[in-house]
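Below, each value reflects all heavy atoms present in this structure, side chains not excepted, and no hydrogens, waters or symmetry copies. Just so we're on the same page: letters track the sequence lines, and every chain starts at 1.
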Number of protein chains: 2
Amino acid sequence: MSTEPQARRAAETGASFQPVKSADRTLDVLEALAASVQRPTLGELARRLGIPKSSLHGVLRTLQARGWVRVDETGTRYGLGLRALRVGAAFVETDDAVTLLAPVLDELAARFGETVHLGRLDGAEVVYLAKRESVHPLRLFSAIGRRLPAHATALGKALLAQLDEERLADLLPTPLPRLTSHTLTDLEALRADLAAIRAAGYAVDREENSEGIICVAVAVPAHRVGHPGQREASDAISISLPVSRHSDALQERIAAALLAAVA
Amino acid sequence: MSTEPQARRAAETGASFQPVKSADRTLDVLEALAASVQRPTLGELARRLGIPKSSLHGVLRTLQARGWVRVDETGTRYGLGLRALRVGAAFVETDDAVTLLAPVLDELAARFGETVHLGRLDGAEVVYLAKRESVHPLRLFSAIGRRLPAHATALGKALLAQLDEERLADLLPTPLPRLTSHTLTDLEALRADLAAIRAAGYAVDREENSEGIICVAVAVPAHRVGHPGQREASDAISISLPVSRHSDALQERIAAALLAAVA
DNA sequence: CTATTGTGTTCAGGTACGTGAACGTAGGTC
DNA sequence: GACCTACGTTCACGTACCTGAACACAATAG
């Protein structure tokens with residue numbers, strides 16, 4: 001009976017391979033803690049993850065002893081610990097795309113003086129991998145590691161535009177979550193926008209994830225970041241600017257600069 | 001026989017508690033991958049961690065299936081995956097000190113136009129938790145999550161200065177690693193510096209971790225970041241500037257501003 | 001004061017995980 | 001060609017982990 005959840009997961013993913021239960025659960029715990037807005041208690045976590053309290057207890061104690069999880073001063077609420085920070089930093093430091101595109105991002109940031117991002121598609125989300133700050137003081141707070149729905153960002157749309165209808169339908173959630181009044185939540189409207197992106201070669205997000213922010217992005221060809229065999233790009237770079245500084249002429253110049261940068 | 005390593009670890013840490021083996025190993029793997037300069041193979045990892053290849057195999061497959069670990073295109077070298085990034089970002093977003101001190105960092109960055117850091121002591125290392133960029137283009141590359149030996153940074157010395165002789169000796173490695181020609185590697189010299197820091201109320205690092213960079217830091221009292229019961233501070237804030245812009249008068253002004261900011 | 005509901009914790013037992021040795025394969029080296 | 005070493009992978013066995021139920025304790029409600 002206790003083997004059922006593992007078998008079920010394996011069946012769901014289609015993979016005929018048995019994950020190590022405790023390792024799997026360790027990741028479940030870490031991801032659940034990362035996704036929690038408020039720090040949960042042991043019991044809450046156990047219910048949410050469908051793990052017996054006693055089993056979770058051992059895992060949490062192990063994570064706590066290693067500094068990956070910490071408890072509140074009350075000893076009753078669990079959150080991520082300091083060690084969890086290290087792997088993220090290490091990932092960014094060793095990622096090929098981040099390393100190879102660093103000078104490109106620097107050059108774009110210096111040229112336009114606006115915020116520059118490097119993002120990667122992960123499922124239906126875009127993860128920010130690198131950032132160069134605008135010279136203007138609009139703090140976006142360490143966005144590295146932050147995730148946003150792909151359909152609501154220029155980075156995401158530039159990457160989604162490469163996919164065919166079928167894969168797009170598989171990937172995107174329904175309904176498409178709305179972040180601002182400008183977010184494209186209608187699949188047909190999004191499809192039309194993606195077609196326009198394919199034609200133009202670059203994507204634009206018009207206040208679709210943050211009010212007042214317009215963003216221009218292009219996909220980075222896979223061979224450009226050391227993955228010659230790969231057909232589709234997984235990375236994209238973007239420049240964001242407030243509507244107050246936006247103009248069609250500037251948008252054209254930015255798009256041309258981005259396309260030249262990834263060529 | 002196979003239970004020995006766990007028993008040994010428990011005995012070493014003094015804790016009379018049995019960690020969950022697979023969970024412990026999961027963290028071992030993630031930390032080893034984070035610490036690797038080059039991506040290791042399964043066999044290399046197994047040797048380094050003292051884990052049988054076959055056991056490590058299962059753990060790695062599990063981590064890989066969840067996107068925490070990825071393999072090279074050759075399928076033979078393992079590195080951290082995209083999901084590893086999420087927990088680090090989540091930690092920073094939910095940390096009390098980062099949240100509470102954000103406006104303080106903003107104000108200092110705006111006032112001096114130099115790089116501002118928030119760091120925390122973890123063992124003998126300092127971890128960077130937040131950063132505000134200098135307006136001057138000296139890219140330090142997303143230092144968040146990065147670690148440096150505490151004795152070689154202003155942040156670290158500001159925090160080490162609170163500890164008594166005994167705890168200091170327990171904490172610091174011997175010999176003290178050298179990062180630049182200015183690093184204090186002599187324990188007595190470091191002790192003298194820490195005494196001076198206690199007297200002055202703030203710490204200065206004179207090119208001790210990076211040539212050409214001087215840094216001023218003060219510890220943030222624990223009650224200031226929502227930990228009223230705690231006697232020692234674990235966090236500190238700093239301002240870094242290149243020697244070319246340094247002067248004793250500016251250093252005094254920075255120190256006064258930092259002390260006022262944490263009061 | 002008692003009941004209830006929530007914490008975290010412990011423990012014996014049945015089970016599913018870790019192990020070591022074997023395998024298949026690829027890329028060298030001589 | 002044959003050998004060697006490295007890679008990842010598989011499998012049956014025995015062990016040590018996961019489980020459910022019971023525990024101790026605290027806080028709140030009635």
- Message: Could you tell me how far apart A:R61 (CZ) and D:dC17 (C1') are, to the nearest whole angstrom?
- Response: 16 Å

- Query: So which nucleotide from D:dG8, C:dG20, C:dG8 ends up closest to the side chain of B:L42?
  - Reply: D:dG8

- Item | Separation of atom CD in B:Q64 from atom C1' in D:dT9, rounded to whole Å | 13 Å

- Query: Any side-chain donor-acceptor pair under 3.5 Å between A:R178 and A:T183?
  - Reply: no

- Query: Contact class for B:S54 (heavy atom, under 4.0 Å): base, sugar-phosphate, or nothing?
  - Reply: base

- Message: Can you tell whether the side chains of A:R132 and A:E107 come within less than 4.0 Å, N to carboxylate O?
- Response: no

- Query: Rounding to a whole Å, what distance do you find between A:R47:CZ and C:dT5:C1'?
  - Reply: 11 Å

- Side chains of B:S36 and B:R48, donor plus acceptor under 3.5 Å: yes

- Note on the structure: When rounded to whole Å, the CG to C1' distance for the pair B:L56 and D:dC7 reads 13 Å

- Query: Any salt bridge between A:D122 and B:R83, counting N to O under 4.0 Å?
  - Reply: yes

- Task: Answer yes or no: does a side-chain N or O of B:R25 lie under 4.0 Å from OP1 or OP2 of D:dC17?
- Result: no

- Item | Spacing between B:L60 atom CG and D:dG8 atom P, to the nearest angstrom | 9 Å

- Message: Should the side chain of B:K53 and the base of D:dG8 be counted as holding a donor-acceptor pair, with the cut-off at 3.5 Å?
- Response: yes

- Query: In whole angstrom, what separates B:I51's CD1 from C:dC17's P?
  - Reply: 17 Å

- Backbone of A:W68 reached by a side-chain donor or acceptor of A:R66 within 3.5 Å: no

- Using the criterion of both pairing distances under 3.5 Å for Watson-Crick and G-U wobble pairs, give all stems of 3 or more consecutive pairs involving DNA chain D. C:1-23 with D:8-30, C:25-28 with D:3-6

- Query: Charged N to carboxylate O below 4.0 Å: is that the case for B:R120 and B:D95?
  - Reply: yes

- Query: Would you say a side-chain N or O of A:R77 is under 4.0 Å from OP1 or OP2 of C:dT7?
  - Reply: no

- Does A:T41 make a side-chain N or O approach to OP1 or OP2 of C:dT7 shorter than 4.0 Å? yes

- Task: Among the candidates D:dT9, C:dG8, C:dC11, find the nucleotide nearest to the side-chain atoms of A:Y78.
- Result: C:dG8

- Query: Would you call B:R167-B:E232 a salt bridge at under 4.0 Å N-O?
  - Reply: yes

- B:H57 vs D:dG8: side-chain N/O to OP1/OP2 distance below 4.0 Å: no

- Task: Nearest whole angstrom, please: distance from the P of D:dC17 to the NZ of B:K21.
- Result: 5 Å

